[in-house]
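Input: one structure, supplied below.
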Amino acid sequence: MKTFDVAVVGATGAVGGAMLEILAERKFPFGQVYALASERSAGKRVEFNGTQLKVEPLASFDFSKARIGLFSAGSRVSAEYAPKAAAAGCVVVDNTSQFRYQADIPLVVSEVNPQALAQYRNHGIVANPNCSTMQMLVALKPIHDAVGIERINVATYQSVSGAGARAIRELAEQTARLLNAQPLGKGGKFPKQIAFNVLPHIDEFQDNGYTREEMKMVWETRKILGDDAIGVNATAVRVPVFYGHSEALHIETREKITADRARALLRSAPGVEVLDERRAGGYPTAATEAAHRDAVFVGRIREDLSHPRGLDLWVVGDNIRKGAALNSIQVAELLVKSYL
Ligand code: A2P
């Protein structure tokens, strides 16, 4: 069997760790796997496929040794190293926002727009969407194909793992301190207390009053669905959950769709699991269904009382897996299958 050497950039991080886990779990046809991170991690080891890999510094890595580069070390790192990797013949799947809005770089959700992948040849780079957009579009694609979506109103409830490994530790530490009647530590990743609290702020504020996380959902939805007419109105909120993002979606479709038809479409949609029973617990949640699982879960499907073509859904997914690492590897699988 043909194998492909893979470099994981950001291998000591929350997403990088999941990438290594998923490469092994899905039996990706890897040859040599390189774990890359900053100089700070020199000498560290990370788990991979029952063994340990020595972490190597990104700055001195020779990308001609790898055929595929899975990047998740922040936008600045991607800006500098992804073009260098691509020039050395290593196709980059980039999990940061660095290249997502560049028109000739494909932005791909494996179940939604795999056809866009062919454009990877333009720069040798494929962008992986933002986690909130990713799970939203896996759920909305079958509905958009059937009746067209005019407008999306979405409120997110996003877990701290989306902000990286330090943010996970910060929630744990703040929680322990507060439960032990100790004062909160000094500032960390979050601008206000995150334990036992909810913050209506993810990423930087923009001139229009939205945050960048909210605008990502606007820009990326249009690009992935190839439809600039779709209106997206998002409020992105950080909640004290470790893994799994939740979203309350309120959509307005071009033609009316009933809840029954939407449920049936979603039941046969790739990457989706429907859990929609009108009883206590008959819906998916981040901690009980989404975390550490591959599917995007949908529940609470109902017709909007206040709009003739409105539909409401509750969507949860593991932001580290489908929202980041898993989709990157699904994209790499498509590259290997059809292009490399
Ligand atoms: P390191 O652990 O050496 O800092 P997370 O998003 O979970 O915080 O993870 C970020 C990942 O990106 C980590 O693996 C981190 O490595 C890596 N990283 C951050 N800055 C750099 C850099 N300048 N060069 C290489 N890797 C980096």
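Read the numbers this way: they start at 1 and go in the same order the structure lists the ligands and their atoms. Along the sequence shown, the residues carry numbers beginning at 1.
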Report, one line per pair, each donor and acceptor closer than 3.5 Å where one atom sits in a side chain of residues 141-149; sequence neighbours left out.
residue	atom	partner	partner atom	Å
Lys141	NZ	Asp145	OD1	3.3
Lys141	NZ	Asp145	OD2	3.4
His144	ND1	Ile149	N	2.9

When the aromatic ring centroids of Phe71 and Phe99 are compared, is their separation below 6.0 Å?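 Distance test on ring centres: not under 6.0 Å, no.
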
Neighbour list for ligand 1 [protein residues, heavy atom under 4.0 Å]: Gly10, Ala11, Thr12, Gly13, Ala14, Ala37, Ser38, Arg40, Ser41, Leu58, Ser72, Ala73, Val77, Gly164, Ala165

Pairing residues for Arg238 by the salt bridge (charged side-chain N to carboxylate O under 4.0 Å, His left out) criterion, not counting sequence neighbours: none

Can we call the ring centroids of Tyr120 and Tyr339 under 6.0 Å apart?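 For Tyr120 and Tyr339, the ring centres are under 6.0 Å apart.
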
Could you tell me which residues satisfy salt bridge (charged side-chain N to carboxylate O under 4.0 Å, His left out) with Glu47, sequence neighbours excluded, listed by chain and number? none

Examine the side chains of Asn319 and Gln158 and answer whether a donor and an acceptor come within less than 3.5 Å of each other.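 Checked: Asn319/Gln158 side chains show no N/O donor-acceptor pair below 3.5 Å.
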
